[in-house]
Amino acid sequence: MQYESVIGLEIHAQLSTDSKMFCGCSTKFGAEPNTQTCQVCIGMPGVLPVMNKKAIEYVIKTGLAVNCRIAPYSRFARKNYFYPDLPKGYQISQYELPICEHGFVEITVDGITKKIGLTRIHLEEDAGKNIHEGAGSHSFVDLNRAGTPLMEIVSEPDIRSPQEAAEFVKKLRAIVRDIGVCDGNMEQGSLRCDANVSVRPVGQKELGTKTEIKNMNSFRFVEKALEYEIKRQIKILNEGGRIVQETRLWDSNKGITESMRSKEEAHDYRYFPEPDLVPVEVDNAWIERIKEGIEELPDERKQSLIQHGLPEHDANLLSINRSSSDLFKKTVNLGSSSKSVSNLMIGDLRRILNEENKDFDECPLGPEHLDGLLKLIENGTISGRIGKTVLEEMYKTGKHAESIVKEKGLIQVSDESEIEKVVDEILSKSPKEVERFRAGEEKLLGFFAGQIMKATKGKANPKIVNELLRKKLGN
Ligand code: ADP
Ligand code: ZN
Ligand code: MG
């Protein structure tokens, strides 16, 4: 039986307002526990919440950026449950009347662009945090996060693969960062994602029973957790079993999802309209003002990069944030060709950034760095291979390519007689390989070239090395 996976995501984004949703406490991350709290956010009786207008504005801004309808009238609701990190015994959220509905974002996977529908975006307050590490047999509660404005974006079950899911999260993260409503930091938890997933036989219309996976704090984990979960569900169905609707936790160390609670244990939240807050009314003038604050979004940047002569694949990767797209354009304006800049950026530069767990907007290299490096490769001063070393050194020191090449003596050797000496030496040291090559083992050419590059510390001009080798080996 062929199965198809169906995925819907719920993304929680902490809004980057200075103060909390219903009180004046700071939302800054990393403070001493319980130092950013007041009577309102620790849930003292008799206090009243006051809405943070900026937070509402940020949700509207997000809604506009993802093609939602902005509700002229919405309201808050109480979601009731007991948990130590929720001192009031309820979370102020939104239920039947959210601020935004019916939007979509576009994602591109393997060159195919598709729309993922958004059911709704609503505003709520975050809970505190229970801390178990270092607490011995006890648990600690830190309420600094309690009351931080949190936006929940719910997608339609339009996603069909783990890769699409990761791409969707990337896109939404790019958008909220672009419009300045959330810093998108998945490790610190300012952007969190729950994934709902089911499988069904290809061709079947009805959705299968879903499970919900929590606790994935990176794009990679979203993809891995879904891959695991889809395999798990298909295996159960193939063995004649049935899927239990439940919430599962992703364990990134074990690489598996584990049951957390079943539907029977699910809470009845007893939602009802929040009596302490007035409804929210949004007029067109306000919407228009917020719209004016939205600058270029990833999709527009992508189009402008395609106009710069980039293939869609490259444009897609480089447009995901403003800094990468700016870095690209500025480097091209200095004279480097679009394709060489793009190859450098989405190849070696992105690899270095990934290793350092950094984004393009934290990249210490500017357009002059990249252009300088590319010019040295293009005019033959250094080989592409040495270029990688120079890039790493530029990244570490902030120095320009030219001075690194001079200081380290990395200039490419293109003098034939100099390279010839090394070629002769290597060939005379490897008589057996030479014999095998002459007997037809063509791939040994790579072995010889590698030895020569090693002997010249990567500085020999590869083109000349190859020419000389072919000449000497009589090929
Ligand atoms: P719940 O009642 O469990 O909250 P919802 O219908 O509100 O479920 O949907 C929550 C999320 O799960 C949404 O993102 C939605 O797209 C997704 N979803 C709903 N049903 C399925 C399904 N059968 N398979 C996969 N995802 C689903
Ligand atoms: Zn407070
Ligand atoms: Mg629901």
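These numbers come from a predicted model, not from an experiment. One-based numbering, in listed order, for ligands and for the atoms of each. Numbers here simply count residues along the sequence, with the first being 1.
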query: Is a side-chain donor-acceptor pair under 3.5 Å present for Thr257 with Glu229?
result: yes
message: For the 3.5 Å polar cut-off, considering only N or O atoms, please tell me whether Glu10 and ligand 1 meet it.
response: no
field: Per atom 1 (P) of ligand 1, closest listed option by heavy atom (Glu212, Lys210, Glu156)
entry: Lys210
query: Looking just at side-chain N and O atoms, do Thr331 and Asp371 make a donor-acceptor pair shorter than 3.5 Å?
result: no
field: Charged N-O contact under 4.0 Å between Glu227 and Lys231
entry: no
- prompt: Which protein N, O or S atoms does the Zn ion (ligand 2) have within a distance shorter than 2.8 Å?
  reply: Cys23 SG, Cys25 SG, Cys38 SG, Cys41 SG
message: Show, in sequence, the C-alpha distance, side-chain angles and deciding distance for Arg145 and Asp126, and conclude whether the salt bridge (charged side-chain N to carboxylate O under 4.0 Å, His left out) test is met.
response: CA-CA 6 Å; Arg145 199 179 68 177; Asp126 210 343; 3.4 Å; yes
Carboxylate-amine/guanidinium proximity below 4.0 Å for Glu355 and Arg351: yes
- prompt: Between Gln245 and ligand 1, is there a nitrogen or oxygen pair with a distance under 3.5 Å?
  reply: no
- request: Give yes or no for whether the N/O distance cutoff of 3.5 Å, strictly under, is met between Ile7 and ligand 1.
  value: no
field: ring-ring contact (aromatic ring centres under 6.0 Å, His included) contacts in which one or both residues fall within residues 94-121, not counting sequence neighbours
entry: Tyr95-Tyr271
- request: With heavy atoms of Gly8 as the reference, note each atom of ligand 1 found under 4.0 Å away.
  value: 14 (O), 16 (O), 17 (C), 26 (N)
task: Verify the distance criterion only: is there a donor paired with an acceptor across the side chains of Lys302 and Thr108 at less than 3.5 Å?
output: yes
message: Applying a heavy-atom cut-off of 4.0 Å, say which part of Thr119 lies close to ligand 1: side chain, backbone, both or neither.
response: neither
message: So, using side-chain contact (heavy atoms from CB on, under 4.5 Å) as the criterion, who are the partners of His132 when residues are at least two apart?
response: Asn130, Ser139
task: Consider only side-chain N and O atoms of Gln14 and His12, and report whether a donor and an acceptor are under 3.5 Å apart.
output: no
message: Does any N or O of ligand 1 fall below 3.5 Å from an N or O anywhere on Thr209, backbone included?
response: no
field: Any N or O of Gly208 closer than 3.5 Å to N or O of ligand 1
entry: yes
message: Could you work out, with ring-ring contact (aromatic ring centres under 6.0 Å, His included) as the rule, every residue matching His400, not counting sequence neighbours?
response: His369
message: Heavy-atom pairs closer than 4.0 Å: do any link ligand 1 to the side chain of Asn196, the backbone, both, or neither?
response: both
